[in-house]
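To keep things clear, I will list the structure first and then write my remarks on it.
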Amino acid sequence: MSSVPAATQITTLLRSQNIRHIRLYDADPGMLSALANTGIRVIISVPNEQLLAIGNSNATAAKWVARNVAAHYPSVNITAIAVGSEVLSTLPNAAPLIMPAMRYLQNALVAAALDKYIKISTPHSSSIILDSFPPSQAFFNRSLDPVLVPMLKFLQSTGAPLMLNVYPYYDYMRSNGVIPLDYALFRPLPPNKEAVDANTLLHYTNVFDAVVDAAYFAMAYLNVTNVPVMVTETGWPHKGDASAEPDANNDNADTYNSNLIRHVMNVTGTPKHPGVAVPTFIYELYDEDTRPGTASEKYWGLFDMNGIPAYALHLTGSGVLLANDTTNQTYCVAREGADEKMLQAALDWACGPGKVDCSVLTQGKPCYDPDTVEDHATYAFNAYYHGMGMGSGTCYFSGVAVITTTDPSHGSCVYSGKNGSALLNGTSLAPSSNSTTDSGSWRAAGDVTSFVRIVVTALLLSVVALL
């Protein structure tokens with residue numbers, strides 16, 4: 001990326017979006033320090049270029065865990081280590097290093113008494129699954145058995161998930177019209193358009209479920225039936241080459257990610273495992289404007305480098321958004337069930353240093369009633385949020401505020417955003433959009449499972465969040 005936000009800016013964005021689960025593509029110490037005491041659940045990664053050293057030395061693995069895990073845990077809520085990324089499909093010569101690296105890292109976790117809290121796995125491309133439809137006939141590339149068989153036994157014994165990257169966008173693009181766009185985007189299909197597995201008679205309404213179930217059937221083919229699937233990457237690009245990639249656009253990215261979130265939020269599961277949640281991370285948090293490859297490779301982010309949403313996610317009927325909608329139809333309100341003392345402190349700040357004009361909250365004025373801390377805080381939070389241009393982090397207030405699409409206006413009390421009004425005393429304190437260049441680059445994916453729980457309970461992603 002040409003300009004990477006500072007670690008503190010990233011955590012501010014994560015917290016403002018209520019993202020509670022993220023995946024990092026390395027274990028950058030600055031990023032981990034910024035995540036300390038946030039409660040955000042973090043998957044850290046061993047980059048592919050470090051596999052050689054770790055896979056050849058128990059001592060090197062122990063030092064890696066000491067430096068990147070033990071030094072930060074538990075203040076940083078590290079939940080898993082992703083060892084490499086798509087090694088079997090992109091770096092087949094390094095495949096023999098995967099299992100030694102995973103075992104050495106596991107030994108280090110056991111020695112540090114952290115193995116009960118932190119799991120070890122490795123993300124795979126879904127391309128390692130052959131003959132993926134119908135899912136019941138799916139099997140892993142047999143040439144990978146020397147690595148996959150012991151790996152699945154390792155995951156089974158440690159209680160770790162099979163990490164899988166699932167990209168219906170690429171499946172759709174490579175199908176030459178065989179896969180309908182609606183099937184890739186989770187759009188509703190008439191029964192006669194659903195894909196039916198002739199062996200199981202299971203009906204598939206989207207590519208995502210079919211790929212996840214293909215992984216379950218492929219594991220069953222190797223007599224492994226109790227390892228859960230975690231989707232460590234999925235998403236849809238919001239921009240691409242207009243002629244070669246016309247379906248990489250805002251509307252389709254919004255449709256895919258919004259429908260994905262609903263799918264996970266409803267704990268729909270898959271046809272093979274209905275009602276069983278599939279932890280899912282959306283790829284990715286930020287666009288990468290210098291990433292090589294096709295035009296769309298640069299535009300998978302939910303946000304640009306300034307924390308501005310790339311597009312609006314729409315979750316009809318949920319009330320609370322992923323805070324990805326910066327139109328004037330979003331509002332910042334007090335979180336239901338928030339601690340009253342924290343609400344009062346936040347209200348006092350908004351009406352004081354925050355420069356919100358709170359005169360309408362005094363007795364006899366339009367917004368005095370209902371005379372509760374929650375209602376008064378909602379007015380002040382929302383006025384600050386809109387007065388600051390709905391910028392990243394301006395609807396947080398130490399976690400007692402949340403963004404909603406439901407207009408809280410009542411009677412003659414009109415809230416900022418209803419007509420574009422924003423009431424701040426003095427000059428607007430619009431947040432700086434400057435981002436700082438950092439030597440490390442972080443890609444983060446938000447866990448949809450926890451982001452969605454926030455969407456539901458505010459009425460934990462998070463985004464998968466990250467997002």
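- E86 meets the side chain to side chain contact (heavy atoms under 4.5 Å, CB included) test with S89, T90, S125, N165; sequence neighbours excluded.
- When all heavy atoms of N77 and G39 are compared, the closest pair comes out as ND2-O, 3.8 Å.
- Counting only residues at least two apart or on different chains, the salt bridge (charged side-chain N to carboxylate O under 4.0 Å, His left out) pairs with a member in residues 168-191 are D182-R187.
- Partners of S296 under the side chain to side chain contact (heavy atoms under 4.5 Å, CB included) rule, at least two apart in sequence or in another chain, are Y169, P237, E245, A248, T294.
- Heavy-atom minimum distance, T8 versus T11: O-OG1, 2.9 Å.
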**OP:** Apply the test side chain to side chain contact (heavy atoms under 4.5 Å, CB included) to residues N199 and Q137: give CA-CA distance (whole Å), side-chain angles for both, the deciding distance (0.1 Å), then the verdict.
**Re:** CA-CA 8 Å; N199 299 314; Q137 292 184 359; 3.2 Å; yes

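- Listed by chain and residue number, N48, V87, A94 satisfy the side chain to side chain contact (heavy atoms under 4.5 Å, CB included) test with L91 (two or more places apart in sequence, or in another chain).
- Remark: the backbone N or O of Y172 is paired with a side-chain donor or acceptor of S175 at under 3.5 angstrom.
- Using a distance-only test at 3.5 Å, with no hydrogens or angles considered, no donor-acceptor pair links the side chain of S132 to the main chain of I129.
- Heavy-atom contacts from other residues, nucleotides or ligands closer than 6.0 Å to NZ of K119 number more than 12.
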Original post:
How far apart are the C-alpha atoms of Y385 and Y331, what are their side-chain angles, what is the distance that settles it, and do they pass the ring pair (Phe, Tyr, Trp, His ring centres under 6.0 Å) test?
Top reply: CA-CA 8 Å; Y385 169 63; Y331 306 85; 8.5 Å; no

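- For the pair L24 and I43, the minimum side-chain heavy-atom distance is 4.5 Å or more.
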Original post:
So E297 and R291, salt bridge (charged side-chain N to carboxylate O under 4.0 Å, His left out) or not? Walk me through it.
Top reply: CA-CA 7 Å; E297 286 293 320; R291 189 173 178 83; 3.3 Å; yes

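- Ring pair Y299/H238 is perpendicular by interplanar angle, where above 60° counts as perpendicular and below 30° as parallel.
- The side-chain hydrogen bond (donor to acceptor under 3.5 Å, both in side chains) analysis of residues 206-222, with sequence neighbours excluded, yields the pairs Y204-D213, N206-D209, D209-H263, D213-T270.
- At least one donor-acceptor pair closer than 3.5 Å links the side chain of W236 to the backbone N or O of D247.
- Partners of T268 by side chain to side chain donor-acceptor pair (under 3.5 Å), not counting sequence neighbours: none found.
- For the salt bridge (charged side-chain N to carboxylate O under 4.0 Å, His left out) condition, no pair includes a residue of residues 394-405, sequence neighbours left out.
- Side chains of E194 and N192 form no contact here, defined as non-hydrogen atoms less than 4.5 Å apart.
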Subject >> Working for side chain to side chain contact (heavy atoms under 4.5 Å, CB included), residues V333 and N382 >> reply: CA-CA 6 Å; V333 301; N382 186 66; 5.8 Å; no

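- Between P168 and Y256 the shortest side-chain heavy-atom distance falls below 4.5 Å.
- Considering only residues two or more places apart in sequence or on other chains, T378 meets the side chain to side chain donor-acceptor pair (under 3.5 Å) condition with none of them.
- A cation-pi arrangement is found for K272 relative to F217, the charged atom lying closer than 6.0 Å to the ring centre and inside a 45° cone about the ring normal.
- By the side chain to side chain donor-acceptor pair (under 3.5 Å) test, S143 is found to be paired with N141, residues two or more places apart in sequence or in another chain being considered.
- Put simply, the side chain of T234 never gets that close to the backbone of Y167: no donor and acceptor are under 3.5 Å apart.
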In residues 144-164, what donor-acceptor pairs under 3.5 Å come from side-chain atoms, sequence neighbours left out?
from	atom 1	to	atom 2	distance (Å)
D145	OD2	R142	NE	2.7
D145	OD2	R142	NH2	3.1
Q156	NE2	N226	OD1	2.6
S157	OG	K153	O	3.3
S157	OG	F154	O	2.9
T158	OG1	F154	O	2.9

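- Checked by atom type, the side-chain pair S258/D254 shows a donor-acceptor distance below 3.5 Å.
- Here the side chains of I78 and R41 are not in contact, with every heavy-atom distance at 4.5 Å or above.
- At least one side-chain heavy atom of I261 sits under 4.5 Å from a side-chain heavy atom of I282.
- Under the rule for a side chain to side chain donor-acceptor pair (under 3.5 Å), S33 has no partner lying at least two apart in sequence or in another chain.
- For the atom pair CG (D197) and CG (L202), the distance works out to 6.0 Å, reported to the nearest 0.5 Å.
- Partners of E49 under the side chain to side chain contact (heavy atoms under 4.5 Å, CB included) rule, at least two apart in sequence or in another chain, are P47.
- Counting all heavy atoms, side chain and backbone alike, S45 lies closest to R23 at OG-NE, 4.2 Å.
- Between L35 and L14 the shortest side-chain heavy-atom distance falls below 4.5 Å.
- For D241 (side chain) and S243 (main-chain N/O), a donor-acceptor pair under 3.5 Å exists by modelled atom type.
- At a threshold of 4.5 Å between non-hydrogen side-chain atoms, the residues N56 and Y104 do not count as touching.
- In this structure, F303 CZ and I10 CD1 are separated by 12.0 Å, a value rounded to the nearest 0.5 Å.
- Counting heavy atoms from C-beta on, the side chains of V264 and V278 never come closer than 4.5 Å.
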**OP:** Go through the steps to decide whether F281 and E233 satisfy the test side chain to side chain contact (heavy atoms under 4.5 Å, CB included), and finish with yes or no.
**Re:** CA-CA 5 Å; F281 288 76; E233 290 180 19; over 6 Å; no

Original post:
Does the side chain to side chain contact (heavy atoms under 4.5 Å, CB included) test come out yes or no for M102 and Q106, once each step is laid out?
Top reply: CA-CA 6 Å; M102 292 173 69; Q106 179 71 13; over 6 Å; no

